[in-house]
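Okay, so here's the structure we're looking at.
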Amino acid sequence: MNRYKNDIAWEQIFEKHRILDAIKSKGRVTISSTDINEFREARLMTKFDHRSQLPHLFSENNLSILPTSRGTYEISTFETFCTFKKEEIDITFIDFPTFLESMDYKDITSEATSINCIFVSKILHDFTGEDNLFPTISGRMSSSLFDFKINSSEDQKQFEVKVNNSQIEIDGGYEGNDSLILIEAKNYISDDFLIRQLYYPYRLWKEKVNKQIRPIFLTYSNGIFHIREYEFTDAKFYNSIRLIKHKKYAIQEGSINIEAIQNILENTKTVSEPSIPFPQADSFERIINLCELLKQKLFLSKEEITQNYDFDARQTEYYFNAAKYLGLVDKKYDNNNIKYVLTETGLGMFNKSITDRQLEFVKLILSHKIFKESLKLYLKKGNTPSKNEIVEIMKKSNLYNISSNETYKRRASTIISWSNWILGLIEE
């Protein structure tokens with residue numbers, strides 16, 4: 001188990017305040033930011049946007065934490081997260097205003113810029129059906145007073161929680177003729193999200209305006225805007241969240257057709273297999289997203305990636321190795337600490353249009369014999385090859401340090417997933 005700073009500090013807090021004993025007897029515990037600050041800064045110790053970021057003691061005991069005021073938190077078996085539904089959705093392409101010079105949609109490096117981009121390009125108008133939108137609220141503010149019910153993650157029990165002027169943050173708020181749109185934005189891919197980031201702002205503004213409140217979760221990565229609209233079917237029930245709409249948008253550029261992929265397949269020079277672990281990272285989107293994060297931050301440690309984004313420690317290692325396999329990322333030593341950095345090849349990806357960037361990623365993948373031969377078989381068959389067929393190609397491709405059939409089969413999943421990602425780029 002990787003024990004990071006938050007894990008160590010929470011272990012000390014749990015021991016000092018006998019947290020587990022208190023929860024066993026009372027069901028919940030109230031703790032102050034002063035108590036937390038004694039061991040580590042509270043704002044770092046309580047920011048868990050995804051399940052994977054929870055400290056070991058929390059995940060091991062099905063615990064979560066909620067702010068109830070500016071200086072207090074409650075810990076219990078609260079069910080605080082919502083898992084994103086996995087859906088195959090076609091991309092809607094939108095034109096970007098050609099007269100704008102101060103915004104480059106090809107180089108979005110912050111949540112604020114991604115929100116501005118969906119506003120000026122009218123993506124937000126299209127999604128919401130509101131033609132007359134104005135930016136009205138954003139930033140930090142007080143939650144006001146409210147109470148709600150929340151499910152336990154262990155049984156059918158529900159808790160009553162009272163919130164008294166807790167601090168909240170709204171990434172973007174837009175008002176139209178019929179509704180107030182509240183946006184939570186992330187510039188990285190995740191499997192789930194913290195419902196509180198939508199629920200607390202929803203409760204605050206539901207009491208302030210008469211219009212419909214529309215909580216929206218925006219995710220941006222690799223040129224794609226995922227926009228999900230939620231509703232709370234019971235305003236006083238935290239877990240009554242329901243997805244009502246999900247669309248994917250991209251700025252209109254040149255298209256990728258099957259001929260472009262076949263041209264790369266036929267003309268890309270094959271490289272020798274590197275002496276590093278063969279990729280075990282099924283989501284190619286996450287490899288790209290890791291590169292995007294490194295582009296924004298220049299370099300990040302394994303701990304920083306694991307604690308600030310929706311990667312657990314094992315995933316961080318897997319996706320780093322996959323990016324290194326393609327020559328996109330490398331390690332750098334900074335005061336005896338290992339940091340991940342983009343290589344020249346990785347940096348060069350972000351000097352291209354999004355369409356050209358995708359094709360460059362395809363070239364890097366297909367420069368390896370195993371991926372080239374697998375995609376050829378895919379196109380020849382007209383459907384996904386079996387794992388056994390992929391394994392046969394793998395055994396002829398001189399892959400580094402793979403010996404057992406079980407390992408071959410696990411790595412075959414990555415090959416199939418990356419091939420599907422390539423073919424998914426083709427516009428009908």
Side-chain angles (χ1 to χ4, degrees), residues 1-84 150-155 159 161 166-169 184 186 188-197 199-200 238-239 286 290 293 297 300-320 337-338 340:
M1 182 188 77
N2 290 281
R3 294 173 73 248
Y4 295 127
K5 293 175 183 176
N6 272 359
D7 288 305
I8 294 168
W10 274 114
E11 286 169 12
Q12 294 168 333
I13 293 171
F14 269 55
E15 182 178 359
K16 177 176 179 178
H17 296 279
R18 301 180 66 84
I19 299 288
L20 293 179
D21 290 340
I23 289 174
K24 188 174 181 180
S25 62
K26 299 177 182 177
R28 63 215 287 180
V29 168
T30 299
I31 190 165
S32 71
S33 55
T34 302
D35 292 331
I36 298 171
N37 285 334
E38 181 182 345
F39 297 91
R40 194 166 188 241
E41 194 175 347
R43 68 177 183 85
L44 301 174
M45 290 278 283
T46 59
K47 189 180 186 303
F48 311 125
D49 293 346
H50 313 284
R51 285 191 185 92
S52 64
Q53 295 173 340
L54 288 169
H56 178 69
L57 272 173
F58 280 76
S59 56
E60 188 178 51
N61 293 283
N62 294 319
L63 301 176
S64 195
I65 187 168
L66 285 170
T68 52
S69 75
R70 283 190 180 272
T72 58
Y73 302 84
E74 287 200 11
I75 300 173
S76 189
T77 57
F78 302 132
E79 183 52 69
T80 57
F81 298 98
C82 179
T83 301
F84 286 125
I150 183 171
N151 285 340
S152 168
S153 59
E154 288 190 332
D155 48 41
F159 297 95
V161 177
S166 174
Q167 181 173 280
I168 65 172
E169 185 164 5
E184 174 66 24
K186 301 292 183 197
Y188 58 88
I189 296 168
S190 60
D191 293 326
D192 56 33
F193 67 96
L194 182 63
I195 299 171
R196 174 177 63 80
Q197 293 177 320
Y199 184 69
Y200 280 25
Y238 182 101
N239 302 106
R286 284 212 157 188
L290 177 59
L293 298 176
K297 303 291 185 180
L300 290 166
S301 68
K302 180 178 178 180
E303 180 176 0
E304 288 168 331
I305 293 169
T306 303
Q307 295 220 319
N308 292 306
Y309 308 103
D310 189 19
F311 290 88
D312 62 33
R314 181 177 294 181
Q315 283 180 322
T316 301
E317 193 71 29
Y318 287 163
Y319 283 99
F320 165 74
N337 295 317
I338 297 176
Y340 299 158

Considering all heavy atoms of both residues, which atom of Ala22 and which atom of Val29 are nearest to each other, and what is their separation?
-> CB-CG2, 3.4 Å
Taken in chain and number order and not counting sequence neighbours, the residues that satisfy salt bridge (Lys or Arg N to Asp or Glu O under 4.0 Å) with Arg70 are none
Should Trp10 and Leu63 count as side-chain neighbours, where that means a heavy-atom distance under 4.5 Å?
-> no
What is the minimum heavy-atom distance between Ile305 and Leu300, and which atoms define it?
-> CG1-CB, 3.8 Å
Side-chain touch Asp191/Arg51, heavy atoms, less than 4.5 angstrom = no
Quick one: are Arg196 and Pro67 in side-chain contact, heavy atoms under 4.5 Å?
-> yes
Output the distance between atom OG1 (Thr316) and atom CG (Leu290), rounded to the nearest 0.5 Å.
-> 8.0 Å
Heavy atoms, side chains only, cut-off 4.5 Å: are Tyr340 and Lys297 in contact?
-> no
Would you say the side chain of Leu66 lies within less than 4.5 Å of the side chain of Ile150, judging by non-hydrogen atoms?
-> yes
Value rounded to 0.5 Å, distance of OG in Ser69 from CD in Glu74 | 9.5 Å
Is a side-chain N or O of Thr77 found less than 3.5 angstrom from the main chain of Asn62, in a donor-acceptor match?
-> no
Work out which heavy atom in His56 is nearest to a heavy atom in Asp7; give both atom names and the distance.
-> N-OD1, 2.6 Å
Nearest-0.5 Å distance that lies between atom CZ in Arg43 and atom CG in Asn37 | 10.0 Å
Verdict with supporting geometry, Gln197 and Asp49, side chain to side chain contact (heavy atoms under 4.5 Å, CB included) = CA-CA 8 Å; Gln197 293 177 320; Asp49 293 346; 3.0 Å; yes
Verdict with reasoning, His50 to Tyr188, per side chain to side chain contact (heavy atoms under 4.5 Å, CB included) = CA-CA 12 Å; His50 313 284; Tyr188 58 88; 2.8 Å; yes
Closest non-hydrogen contact found for Arg40 with Ala9 is CB-CB, 4.0 Å
pair Ile36-Ile31: side-chain heavy atoms closer than 4.5 Å = yes
Heavy-atom check, side chain of Lys16 versus side chain of Phe39, under 4.5 Å | yes
Can you sort out the partners of Glu304 under salt bridge (Lys or Arg N to Asp or Glu O under 4.0 Å), two or more places apart, ordered by chain and number?
-> Lys339
Check Tyr199, Phe48, Phe84 against Phe193 for a ring-ring contact (aromatic ring centres under 6.0 Å, His included) and give me the one that passes.
-> Phe84
Gap separating the CZ atom of Arg286 from the OH atom of Tyr318, nearest 0.5 angstrom = 14.0 Å
Ser25 side chain to Asp21 main-chain N or O, any donor-acceptor pair under 3.5 Å?
-> yes
Decide yes or no on ring-ring contact (aromatic ring centres under 6.0 Å, His included) for Phe14 and Phe58, but give the supporting numbers first.
-> CA-CA 10 Å; Phe14 269 55; Phe58 280 76; 5.5 Å; yes
Step through the shown structure and confirm whether more than 12 heavy atoms of other residues, nucleotides or ligands are within 6.0 Å of CD on Glu169.
-> yes
Looking at NE2 of His17 and OG of Ser32, how far apart are the two atoms once the value is rounded to the nearest 0.5 Å?
-> 7.0 Å
Set of side-chain contact (heavy atoms from CB on, under 4.5 Å) partners for Asn151, sequence neighbours left out = Glu79, Gln158, Phe237, Asn239
Can you see which heavy atom on Gly27 is nearest to which on Phe159, and at what distance?
-> O-CE2, 3.7 Å
Taking C-beta and beyond as the side chain, do Leu44 and Lys5 meet within less than 4.5 Å on heavy atoms?
-> no
Search all heavy atoms of Ile23 against all heavy atoms of Ser76 and return the closest pair with its distance.
-> CD1-CA, 4.5 Å
